[in-house]
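Heads up: the structure comes next, in structure tokens.
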Amino acid sequence: MLIQERPAPPSTKEELLNHARALAGQTLGQIANRLNIAVPENLQHSKGWQGQLIETALGGIDATFAGPDFPELGIELKTIPLDHRGLPKESTYVCAIELSEIHGQQWKTSLIYNKLKQVLWMPIESEKHIPISQRHIGMPLLWSPSKLQEGILKTDWEEHMEKISLGRIAEITAHMGNVLQVRPKAASGKIRRKSSNEQGETKDTLPRGFYLRPAFTSEILKQNFINPA
DNA sequence: CCGTGATCATCT
DNA sequence: AGATGATCACGG
């Protein structure tokens, strides 16, 4: 991705939100053109393209950093693909799961909590038949989990982490978790990573990541109607 | 190789 | 159709 005019990082939450709202109604093509970024024909070989584009447009940091996209503000950016009904088309990847040194991890200090405590959701029109350059950005939402939502996330997280700490990660499937899933996250099914249990014994396992179910992100996006931007 | 950005491809 | 398990590209 060639970037010629990368915006500076926003210094305040208001600045970020204003910039994000200014993108609403625009197409991916318009945004890409301003940044001199080429638009791919399809996303099959450019799966993270939209996320990188919006992150660049808003002045976020490098995607490779294992933390919030806007560290100063503690805000994570997530693009979310919508179908014609305005519902999420896919689950939302949150972060990789640490497979070692998981003993004693607490929810409040976990990587996933720190990623989810404040998220800027950028909806993107993602019907298959619409050319990528013509897809529109929807109205963004700056969200933090409600007490109820956080409780559900925490419970899911604790159940998953307990299995992992017991060395039973192989038993975890995407069927588990009310709103938070554990699914493979690797370049291929052949990749292996060391996973250690409470006794310090290690096993090689497929790397996993945390994902939010579409039903959960759908509920989150409804706040756009309760609290119109 | 690993974690970031996610969507794809297949099965039910 | 929707969900699950698998995969693609990139920078460090």
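Naming convention: chains lettered A, B, ... in sequence-line order (proteins, then strands); numbering from 1 in each chain.
- For A:S146, the side-chain contact (heavy atoms from CB on, under 4.5 Å) criterion is met by A:L148, A:Q149, not counting sequence neighbours.
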Checklist outcome for this item: Protein-proximity profile, nucleotides 6-12 of chain B, B/S/- by nucleotide at the 4.0 Å heavy-atom cutoff, equals BBBS---
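- Sorted by first and then second residue, the pairs that involve residues 197-213 of chain A and meet salt bridge (Lys or Arg N to Asp or Glu O under 4.0 Å), not counting sequence neighbours, are A:K194-A:D204.
- Summarising the local packing, CD of A:E162 is surrounded by 12 or fewer heavy atoms from other residues, nucleotides or ligands at distances under 6.0 Å.
- At a cut-off of 3.5 Å, with distance as the only test, no side-chain donor of A:Q26 or A:R135 sits close to an acceptor on the other residue.
- With rounding to whole Å, A:H84 atom NE2 is found 11 Å from C:dA1 atom C1'.
- Between the CZ atom of A:R192 and the P atom of B:dG3 there is a distance of 15 Å, rounded to whole Å.
- Rounded to an integer number of Å, the gap from A:F210 CZ to B:dG5 P is 15 Å.
- Taking the screw axis at each terminus of the helix from B:dC1-C:dG12 to B:dT12-C:dA1 from five consecutive base pairs, the angle between the two is 20° to within rounding of 10 degrees.
- Listed by chain and number, the residues in a ring-ring contact (aromatic ring centres under 6.0 Å, His included) with A:F70 amount to none (sequence neighbours excluded).
- The salt bridge (Lys or Arg N to Asp or Glu O under 4.0 Å) contacts involving residues 83-99 of chain A comprise A:D83-A:R85, where partners must be two or more places apart or lie in separate chains.
- Between the CG atom of A:L99 and the C1' atom of B:dC1 there is a distance of 14 Å, rounded to whole Å.
- Spacing between atom CG of A:D204 and atom C1' of B:dC1 amounts to 14 Å, rounded to whole angstrom units.
- By the 4.5 Å side-chain criterion applied to Ile, Leu, Val, Met, Phe, Trp and Tyr, A:L111 is assigned to no cluster and stands alone.
- Taking the salt bridge (Lys or Arg N to Asp or Glu O under 4.0 Å) definition, one finds that A:K108 meets it with A:E150, sequence neighbours left out.
- Other residues, nucleotides and ligands place more than 12 heavy atoms under 6.0 Å from the CD atom of A:Q199.
- For residues 150-181 of chain A, proximity to DNA chain B is found at no residue, defined as any non-hydrogen atom under 4.0 angstrom from a strand atom.
- Remark: A:E15 pairs with no residue by the salt bridge (Lys or Arg N to Asp or Glu O under 4.0 Å) rule, at least two apart or across chains.
- Distances shorter than 4.0 Å separate some side-chain N or O of A:R213 from OP1 or OP2 on C:dT4.
- Nearer to the 5' terminus of DNA chain C, by closest-nucleotide assignment, is the contact made by A:L206 (compared with the other of A:L206 and A:H45).
- Residues forming a salt bridge (Lys or Arg N to Asp or Glu O under 4.0 Å) with A:R168 (at least two apart in sequence, or on another chain): A:E171.
- Residue A:R208 has no polar side-chain atom (N or O) positioned under 4.0 Å from OP1 or OP2 of C:dA6.
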Residues 179-191 of chain A, side-chain donor-acceptor partners within the protein, below 3.5 Å, at least two apart:
residue	atom	partner	partner atom	Å
A:Q181	OE1	A:R183	NH1	2.9
A:Q181	NE2	A:A174	O	3.1
A:R183	NH1	A:S91	OG	3.0
A:R183	NH2	A:S91	OG	3.2
A:S188	OG	A:K190	N	3.0

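- Summarising the geometry, the separation between CD on A:E55 and C1' on B:dT4 is reported as 8 Å, rounded to the nearest angstrom.
- Atom CD1 in A:I191 sits roughly 19 Å away from atom P in C:dG5 (whole-Å rounding).
- For the pair A:F216 CZ and C:dA3 C1', the interatomic distance rounds to 18 Å; values are reported in whole Å.
- A:K190 has no side-chain polar atom (N or O) that falls below the 4.0 Å cut-off from OP1 or OP2 of C:dG5.
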